[in-house]
Amino acid sequence: MHRVAVLAVDGIHSFDLSMPLQVFSTAHSLEKAPGEFFGPRLYDVRVCGDGRDLLVAGVGGVEMYRLTPPYPLAAAIDADTIVVIGVPAGREPLTEALDLLREAHRRGIRIASISAGGAWVMAASGLLDGRRLATHWSRANVLAERYPQVVVDTDALYIDHGDVLTSAGAASGIDMCLHMIRQDFGSAVAADVARHMVVPPQRDGGQAPYIAHPDPGDDHGSLEPTMRWLRERLGEPVTLADIASYAGTSPRTLNRRFREQTGTTPLQWLLRQRVHHAQELLETTDLSVEEISRHCGFGTSIAMRQHFAKHIKTSPMTYRRTFRARIDP
């Protein structure tokens, strides 16, 4: 199994700690015995940290419970992926943790950080000098002042450099973990995890909808019903006018609301959903590329190949061979 080491230090936030444990431990093979709810586990998830009776806190540093990690900090060096939870605001990262991350990076271990606390540790490690780092919008200015060698990004939900990933607020860590599962085992497995957790398999856009702004106008309602309507019609030809008509608004207002809530346009959002659905069908069915292209609303296999080349950076058949090999027994 792919081994994930989650680093625990004194004062960590409870959600930051539990979230990656929950996401990765929910990932199971799609191949399961009759009557079984899950297939075999895909990740071996371990909590690593030195010391006993470590404080696990809620918002504002309120004590929630105490934790003694079952594995020492040094054990993380044997992992395939290390998840950095980080330190409370204003506290310098442990030297031992920084040394561990630098050595892990030298060995080619994937490293990911959760929320602002994790971003603080990643910036201190030097692994992101000269590169973009995602963090929570409320902590960006302090982080940028302390580590000017890092390019702080307050828009992205997460940033993937291949070797190092960073996420913004705590819940965006879910997006990042699902992204890593998608990389490791494909979209169908990631979507299965998302269904069990009752979260979107992939959120488009960035932090813009969540940053504190003046109260919006009355037309700023949730787009979820419209998104659900679109997901149910991926194989049908849908125009911007059709979407606006269903949403009961003008195309101009619809475009603005989509950009506010997803960071993209309605038609671009729809295109990404079609690509995601095509990925799942390539992984889990024997349908031909031509059949999948019609089922997902691309019209022709040529159009589907063009969109795969742009968004997935590979061809549909190469994608199928790659992820079928990872999930088949």
Side-chain angles (χ1 to χ4, degrees), residues 1-28 37-38 41-101 104 111-125 134-139 142-143 157-158 165-178 180-181 193-194 196-199 210:
M1 289 186 289
H2 186 113
R3 180 171 295 171
V4 177
V6 180
L7 303 190
V9 298
D10 195 46
I12 53 176
H13 280 270
S14 59
F15 185 79
D16 292 355
L17 173 64
S18 61
M19 183 275 298
L21 304 179
Q22 180 74 18
V23 178
F24 286 113
S25 65
T26 304
H28 290 73
F37 197 63
F38 286 118
R41 286 191 302 132
L42 296 175
Y43 291 93
D44 173 19
V45 190
R46 302 182 175 188
V47 179
C48 301
D50 291 332
R52 301 179 59 83
D53 205 31
L54 302 182
L55 170 67
V56 181
V59 176
V62 176
E63 180 174 340
M64 304 295 289
Y65 57 91
R66 296 277 172 168
L67 167 74
T68 298
Y71 295 91
L73 187 68
I77 204 67
D78 295 325
D80 301 293
T81 296
I82 295 176
V83 178
V84 182
I85 303 301
V87 295
R91 185 184 301 177
E92 290 300 314
L94 294 174
T95 301
E96 295 86 344
L98 297 179
D99 290 341
L100 171 76
L101 294 178
I111 303 171
S113 70
I114 303 292
S115 198
W120 194 272
V121 176
M122 295 303 294
S125 73
T135 192
H136 194 276
W137 56 268
S138 67
R139 296 281 300 281
V142 176
L143 188 64
L157 294 175
Y158 61 86
L165 302 89
T166 53
S167 65
S172 66
I174 299 175
D175 299 281
M176 183 184 68
C177 291
L178 288 172
M180 288 191 283
I181 293 173
V193 174
H196 280 290
M197 295 186 64
V198 197
V199 298
Y210 310 100

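If you read the sequence from its start, that first residue is 1, and numbering goes on from there.
Looking at every heavy atom in both residues, C48 comes nearest to P72 through CB-O, 3.4 Å. Of all the heavy atoms in A112 and M176, the pair that sits closest is CB-CE, 3.7 Å. The nearest pair of heavy atoms linking D44 to R41 is CA-NH1, 4.1 Å. Residues M122 and T166 come closest through the heavy atom pair CG-CG2, 4.2 Å. Scanning both residues, I181 and A27, for their nearest heavy atoms gives CD1-CB, 4.1 Å.
Residues forming a ring pair (Phe, Tyr, Trp, His ring centres under 6.0 Å) with Y65 (at least two apart in sequence, or on another chain): none. Taking L98 as the reference, P93, R102, V121, A124, S125 meet the side chain to side chain contact (heavy atoms under 4.5 Å, CB included) condition, with sequence neighbours excluded. With sequence neighbours left out, the side chain to side chain contact (heavy atoms under 4.5 Å, CB included) criterion links L143 to A119, W120, A123, L133, T135, Y147, V152. A search for side chain to side chain contact (heavy atoms under 4.5 Å, CB included) contacts involving P70 returns V47, not counting sequence neighbours.
Residue pairs meeting the ring-ring contact (aromatic ring centres under 6.0 Å, His included) criterion with at least one partner in residues 43-63, sequence neighbours excluded, are H2-Y43, F24-Y43, Y43-F185. Residue pairs meeting the salt bridge (Lys or Arg N to Asp or Glu O under 4.0 Å) criterion with at least one partner in residues 64-80, sequence neighbours excluded, are E63-R66.
Counting only heavy atoms from C-beta outward, the side chains of L54 and P69 approach each other to under 4.5 Å. Side chains of V9 and I85 form no contact here, defined as non-hydrogen atoms less than 4.5 Å apart. Looking at S113 and I111, their side chains never come closer than 4.5 Å, going by heavy atoms from C-beta outward.
How far CG of L7 is from CG of D50: 10.0 Å, rounded to the nearest 0.5 Å. Here CG of L94 is found 10.5 Å from CG of D99. Values are rounded to the nearest 0.5 Å. A distance of 5.5 Å separates CE of M180 from CG of L165, quoted to the nearest 0.5 Å. Atom-to-atom distance recorded for H136:NE2 and S115:OG is 6.5 Å, nearest 0.5 angstrom. Atom NE2 of H13 sits about 9.5 Å away from atom CG of L55, to the nearest 0.5 Å. Rounding to the nearest 0.5 angstrom, the gap separating the CG atom in L67 from the CG atom in D10 is 10.0 Å.
S172 places a side-chain N or O within 3.5 Å of a backbone atom of L157 that can act as its donor or acceptor partner.
Using bins of under 30°, 30° to 60° and over 60° for the plane-to-plane angle, the ring pair H196/F38 lands in the tilted bin.
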For residues 14-23, dump all side-chain donor-acceptor pairs below 3.5 Å to protein atoms at least two apart in sequence or in another chain.
unit_1 : atom_1 : unit_2 : atom_2 : d
S18    : OG     : S14    : O      : 3.0
S18    : OG     : F15    : O      : 3.4

